[in-house]
Amino acid sequence: MYFRTQKFEKFVSPAQPKSQFWRLAAGVITIAAIFLGFTIGTMTLAQKLGFLVFSETTMDMNTRDSMSLMFLTFIGMIIGVWLSVKLYHGRPLNSLFGEWTAVRKNFLFSLFVTFSVQLPFMVIAMLVWGIQPNLSFASVALFLPISFLLLLIQTGAEELVFRGYLTQQLAARFKSPIIWFALPALLFGILHYDPQGMGQMAVWIAAALTILGFLLADLTRVTGNLGAAWGWHFSNNFLLMNLVGMPDNMHGYSWKIFTFSYHDLSPIVNVPIIGMYIVIWLILRTKLAQY
C-alpha cells in the first residue's frame with residue numbers, strides 16, 4: 001500500500017462511492033463519442049464556413065487554422081468528461097483535479113522546471129541539427145496568447161482523462177498499480193501513435209510518450225493532484241508547437257522548422273529525449289515529494 005501515498009488516497013476518494021466498472025466503461029464510451037461527435041461537427045462547420053479546406057496540408061496540421069481547430073475540438077473531450085462524472089459518478093468536474101491551491105502551485109512550478117530544462121535542450125538541438133524559417137518572430141509572438149489558451153485546453157483535457165478520470169476510477173476499483181498506474185500511461189502512449197504523420201518513427205515516439213505517461217502518473221501519485229502533470233504536459237507542448245517543429249506535420253505555430261523529417265530520424269534520437277524527461281521528473285519528484 002506504500003505505493004499509494006496518503007495524498008493519492010485523498011485524490012482518489014471522490015471516486016470511491018460509485019466505482020463500479022460499468023460506470024467507468026460507460027464514461028469512457030461517452031467521452032469518446034462526444035469527443036468524436038464534437039470533432040466531426042467542428043470540422044464540418046469550419047469547412048462549410050470556409051475556414052478550413054480539407055487538403056493534405058491542413059490535414060497534416062501545417063496551418064494555424066487547422067491546428068487551432070484541432071485544439072478547439074478538445075473542448076468536446078472536456079464536455080465528455082464533465083458529463084461522465086456527473087451522470088455516472090455523481091460528482092463535479094473539479095473533483096478530478098485535486099485540491100486547487102496545490103494544483104495551481106504545482107502547475108506553475110512544473111511549468112518553470114520544464115521550461116528551464118527543455119528550452120536549452122531544444123536550442124542545442126536547433127544549433128546541432130539545423131533549422132530553416134517558418135513564421136516570423138513577430139507573427140509567432142503576437143499569436144502566443146491564443147496558442148497558450150488553446151494548448152491549455154488541449155493538455156488540460158488529456159490530463160482530465162488520463163491522470164484524472166481514468167486514474168481515479170481505476171484506483172477506486174482496483175488495488176493493483178498494474179491497472180490504475182500502468183494502464184492509463186500505456187493508453188496515453190498508444191493514442192499518440194501516428195504512422196501517417198510520423199512514419200517509421202511513430203512507434204518510437206509513442207514509446208517515448210508512454211514513458212512520459214508513466215512519469216506524469218508518478219507525479220500525480222506523489223502529489224495527489226493534476227498540477228505537476230498538467231504543467232509539464234503544457235510546457236512540453238507549448239515549446240514543441242511554438243519554437244521549432246518538424247516539416248512533416250504540425251508546424252502551423254512554429255517559429256522555425258528542422259531541416260530533416262521524421263523519415264530521416266533514427267530511434268536513437270529517443271535516448272536524449274527520454275534522458276531529458278528523466279531529468280525533469282527527478283527535479284519535480286525531489287521537490288514536490290517534500291510538500
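All values below come from the heavy atoms of this structure, side chains included, with hydrogens, waters and symmetry mates left out.
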With F112, which residues qualify under ring pair (Phe, Tyr, Trp, His ring centres under 6.0 Å), at least two apart? none

Side chain to side chain contact (heavy atoms under 4.5 Å, CB included) with P195: which residues, sequence neighbours excluded? Y193, A202

T223 vs R285, side-chain hydrogen bond (donor to acceptor under 3.5 Å, both in side chains): CA-CA, chis, key distance, verdict: CA-CA 9 Å; T223 62; R285 181 74 151 69; over 6 Å; no

E158: what forms a salt bridge (charged side-chain N to carboxylate O under 4.0 Å, His left out) with it, not counting sequence neighbours? none

Apply salt bridge (charged side-chain N to carboxylate O under 4.0 Å, His left out) to R173 and list each qualifying residue two or more places apart in sequence or on a separate chain. none

Heavy-atom side-chain contact between S84 and V81 under 4.5 Å: no

The side chain to side chain contact (heavy atoms under 4.5 Å, CB included) partners of I146 (sequence neighbours excluded) come to F143, L150

Is there a donor-acceptor contact under 3.5 Å from the side chain of E99 to the main chain of T101? yes

Any non-hydrogen side-chain atom of I75 less than 4.5 Å from a side-chain atom of I79? yes

Test log, rule ring-ring contact (aromatic ring centres under 6.0 Å, His included), inputs F3 and F8: CA-CA 9 Å; F3 194 71; F8 183 74; 8.3 Å; no

Which residues pass the side chain to side chain contact (heavy atoms under 4.5 Å, CB included) test with V123, not counting sequence neighbours? L119, L127

For Y262 and D248 the tightest heavy-atom approach is N-OD1, 3.0 Å

Work out which heavy atom in L226 is nearest to a heavy atom in E159; give both atom names and the distance. CD1-O, 3.9 Å

Scan side-chain atoms only and decide if R64 and S68 contain a donor-acceptor pair under the 3.5 Å cut-off. no

Can you confirm whether the side chains of N94 and W100 place a donor and an acceptor under 3.5 Å from each other? no

Heavy atoms, side chains only, cut-off 4.5 Å: are L144 and F238 in contact? yes

State, yes or no, whether a side-chain contact exists between L212 and H233 at a heavy-atom distance under 4.5 Å. no

Residues H89 and L24: closest non-hydrogen pair is CE1-N, 4.0 Å

Assess, by modelled atom type and distance only, whether the side chains of N242 and S147 contain a donor and an acceptor separated by less than 3.5 Å. yes

Is there a donor-acceptor pair closer than 3.5 Å between any side-chain N or O of Q118 and the backbone N or O of M276? no

Partner set under ring pair (Phe, Tyr, Trp, His ring centres under 6.0 Å) for F38, not counting sequence neighbours: none

State, with a plain yes or no, whether a side-chain heavy atom of F258 is found less than 4.5 Å away from one of Q132. no

Side-chain heavy atoms of R91 within contact of Q168, under 4.5 Å: yes

Using the test ring pair (Phe, Tyr, Trp, His ring centres under 6.0 Å), find all partners of F162 that sit at least two apart in sequence or belong to another chain. F188

Tell me if the centroids of the rings in F234 and F148 come within less than 6.0 Å of each other. yes

Quick one: do the W129 and T259 side chains pair a donor with an acceptor below 3.5 Å? no

If we only count heavy atoms from C-beta on, is the I78 to L93 side-chain gap below 4.5 Å? yes

Excluding sequence neighbours, so at least two apart, what forms ring pair (Phe, Tyr, Trp, His ring centres under 6.0 Å) with W255? F137

Donor-acceptor contact present, side-chain T44 to main-chain G41, <3.5 Å: no

For I40, what are the other residues in its hydrophobic cluster, where any two members join if their side-chain heavy atoms are less than 4.5 angstrom apart? L36

Over all heavy atoms of both residues, which pair between R163 and A229 is shortest? Give the atoms and the distance, please. CG-CB, 4.4 Å

Mark yes or no for whether T210, through its side chain, and A206, through its backbone, hold a donor-acceptor pair below 3.5 Å. yes

ILVMFWY cluster membership beyond V271 - transitive side-chain contacts under 4.5 angstrom: I268

Counting the benzene-type ring for Trp, do F71 and Y253 have ring centres under 6.0 Å apart? yes

Can you see which heavy atom on W180 is nearest to which on K175, and at what distance? NE1-O, 3.1 Å

For A172, all residues meeting side chain to side chain contact (heavy atoms under 4.5 Å, CB included), sequence neighbours excluded: V12, A15, Q16, S19

Measure from the side-chain N and O atoms of S254 to the backbone N and O of M241, and report whether any donor-acceptor pair falls under 3.5 Å. yes

Where do S66 and N62 come nearest, in terms of heavy atoms and distance? OG-N, 3.9 Å

Is a side-chain N or O of R23 found less than 3.5 angstrom from the main chain of Y88, in a donor-acceptor match? yes

Quick check: are there more than 12 heavy atoms from other residues, nucleotides or ligands sitting under 6.0 Å from CD of Q6? no

